[in-house]
Amino acid sequence: MGAIRSAEGGPLRRTGRSVGRVIRAPFTGAARGVRKATNAHGAGESGLGRLIELHAVNSAGDMMITIALASTVFFSVPTDQARGRVALYLAVTMAPFTLLAPVIGPLLDRVPHGRRAAMACAMLARALLALTMSGAVATGGLELYPAALGVLVASKAYGVVRSAVVPRLVPPRIALVKANSRVTLGGLLATGVAAPLGAGLHQLGPAWPLYGACAVFAFGTYLSLSLPHKVDSAKGEARARLTAPESRHHLTKQRKRPRTPGLRTVGASVLHGLQANGALRMLSGFLTFFLAFLLRVHPLGGLSPAFSLGVVAVAAGTGNALGTAIGALLRSRGPEKMIALVLTVTLGTTIVTAVLYSAFFVVVMAAVAGISQALGKQSLDSLIQRDVPEEVRTSAFARSETLLQMCWVVGGAIGILLPLNGVVGMAVAAGFLALGAVTAVRGLLTAARRGSPHPRVA
């Protein structure tokens, strides 16, 4: 009888194992494909592949928190009440965040030997804050906003440290700007996966996306600590100052005594690149809030408000991913000309959208804004890589990210305050883009003709 049971059980066990392999195959195959892509061109050996995976996890967690907050602050109430809630959200979270953001970079500069721990703490803090918000997300109580502020601060801290870490992990066969584009693209792809997953979790209850975010950030804590030890190296680094070039007389005086390395002699390219990217980031914040409210009241022709928002979001996300891919392929040749080009094209598209306002041009505007923001940021990264001395380069990335985030907040505030009129909104957007173009484009083209400066340490 035992032999009969063994004979019968053997095929059943083999069948069960076969079924298990079939079920696991898509997941294991996808995991192997992702690992192969992130570790290509020496990224696996240098540790860049692990950072790409970490940033993907970070982006997925942020998206789940965004879905949970949007469902509470924006979608669950009428438009007029939603504008009040979002304005309150900006006042309670973004305003203090704008004051805190300039402090985060210098503070983290003082702990260069603890970058892995800093990223792990940023991940763990968001995991705990996601659990804290899960109890208040259903009611939208005021206790939700301090927790949201904490999430923003932790997210910014992670972003600052990540900017400082990337140059330490770039393999010899990949340029810094291409490495940044791969990290960014990994985050965008993860966001695309996390968005429907978060929406599905929301169907189970408003707190479920936050539970998912907690699990994702907990895994991110582990990934942060598993980065290579060289991430914590600060050899050759110093703090940077984003200031205008000084006079020759002043520089002659300063050569008589040693000074902390700065950005005073890198030329105008980086400063004008920051001005142009600031205008593009303002546009991003503006479109995020203005179109969110506008399309609830005036959806795209024949579509529901929710579907209209989805179409615009997909267009912007696709444009961002396309811009990231284009930037990697172009290898950052002529970054000044690229920044000037994308700002000019975006300004022209915005003007056309204001004049010929329609559903088609709104979608085109969102896509162009996504492409321009990605290409502009990668070109700015290339300028920092080229013109900023190595010993202050990581600090420069942190300073530029802080400035661009503040521009996004200003653009978002303008979007909330404006009346819900598409032509007026696009005209205002064209106005601040024109100001950015007047300030930056001529200087960028002049710097491109002069070529790369020879940076000196001030």
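Numbers for residues simply follow the sequence, beginning at 1.
- In this structure, the side chains of F361 and V352 come closer than 4.5 Å at one or more pairs of heavy atoms.
- Judged as a ring-ring contact (aromatic ring centres under 6.0 Å, His included), and not counting sequence neighbours, the contacts of F286 are F290, F432.
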Can you give me every donor-acceptor pair (side chain of residues 337-350, partner residue at least two apart or in another chain, under 3.5 Å) with its distance?
residue, atom, partner, partner atom, Å
T344, OG1, A340, O, 2.7
T346, OG1, V342, O, 2.6
T346, OG1, S372, OG, 2.5
T349, OG1, V345, O, 2.8
T350, OG1, T346, O, 2.7

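- The backbone N or O of V151 lies less than 3.5 Å from no partner atom in the side chain of S155, so there is not a single donor-acceptor pair.
- At a threshold of 4.5 Å between non-hydrogen side-chain atoms, the residues H202 and W208 do not count as touching.
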Start with the C-alpha gap between L418 and V428, add the side-chain angles, then the distance that decides, and say whether side-chain contact (heavy atoms from CB on, under 4.5 Å) holds.
CA-CA 9 Å; L418 282 182; V428 171; 3.8 Å; yes
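- In this structure the side chain of S59 reaches within 4.5 angstrom of the side chain of H55, judged on heavy atoms.
- Residues L380 and G273 come closest through the heavy atom pair CD1-C, 3.9 Å.
- One finds the CZ atom of R50 at 12.0 Å from the CG atom of L48 (value rounded to the nearest 0.5 Å).
- Remark: M365 CE to M426 CE distance equals 7.0 Å, nearest 0.5 Å.
- S284 is listed as a side-chain neighbour of Q373, based on a closest heavy-atom distance under 4.5 Å.
- For the residue pair A213 and I65, the shortest heavy atom distance occurs at CB-CG1, 3.7 Å.
- In this structure the side chain of M406 never reaches within 4.5 angstrom of the side chain of R281, judged on heavy atoms.
- Taking CG of L223 as the start and CD1 of I52 as the end, the distance is 12.5 Å to the nearest 0.5 Å.
- Evaluation of the side chain to side chain donor-acceptor pair (under 3.5 Å) rule for T221 yields no partner, not counting sequence neighbours.
- Going from atom CG of N277 over to atom CD of Q378 covers 10.5 Å, rounded to the nearest 0.5 Å.
- With 3.5 Å as the limit, one finds a donor-acceptor pair spanning the side chains of S269 and E336.
- R126 and N58 form a side-chain donor-acceptor contact under 3.5 Å, judged by distance and modelled atom types alone.
- Side-chain contact check for F307 versus L300: every heavy-atom pair is 4.5 Å or farther apart.
- Shown here for A68 and P206, the closest heavy-atom pair between the two residues is CB-O, 4.3 Å.
- Counting only heavy atoms from C-beta outward, the side chains of L291 and L294 approach each other to under 4.5 Å.
- Taken from CG in L169 to CG in L227, the straight-line distance is 6.5 Å, to the nearest 0.5 Å.
- One distance of note links CZ of F217 with CG of L210; it measures 10.0 Å at 0.5 Å rounding.
- Nearest heavy-atom pair, A374 versus G323, reported as atom, atom and distance to 0.1 Å: CB-C, 3.7 Å.
- Counting heavy atoms from C-beta outward, T353 and V364 have side chains that stay 4.5 Å or more apart.
- The two residues L274 and S400 come nearest to each other via the heavy atoms CD2-CB, 3.6 Å.
- The two residues L129 and G150 make their nearest non-hydrogen contact at CD1-C, 3.4 Å.
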List the steps and the verdict of side-chain contact (heavy atoms from CB on, under 4.5 Å) for L54 and M123.
CA-CA 10 Å; L54 172 63; M123 292 286 181; 3.5 Å; yes
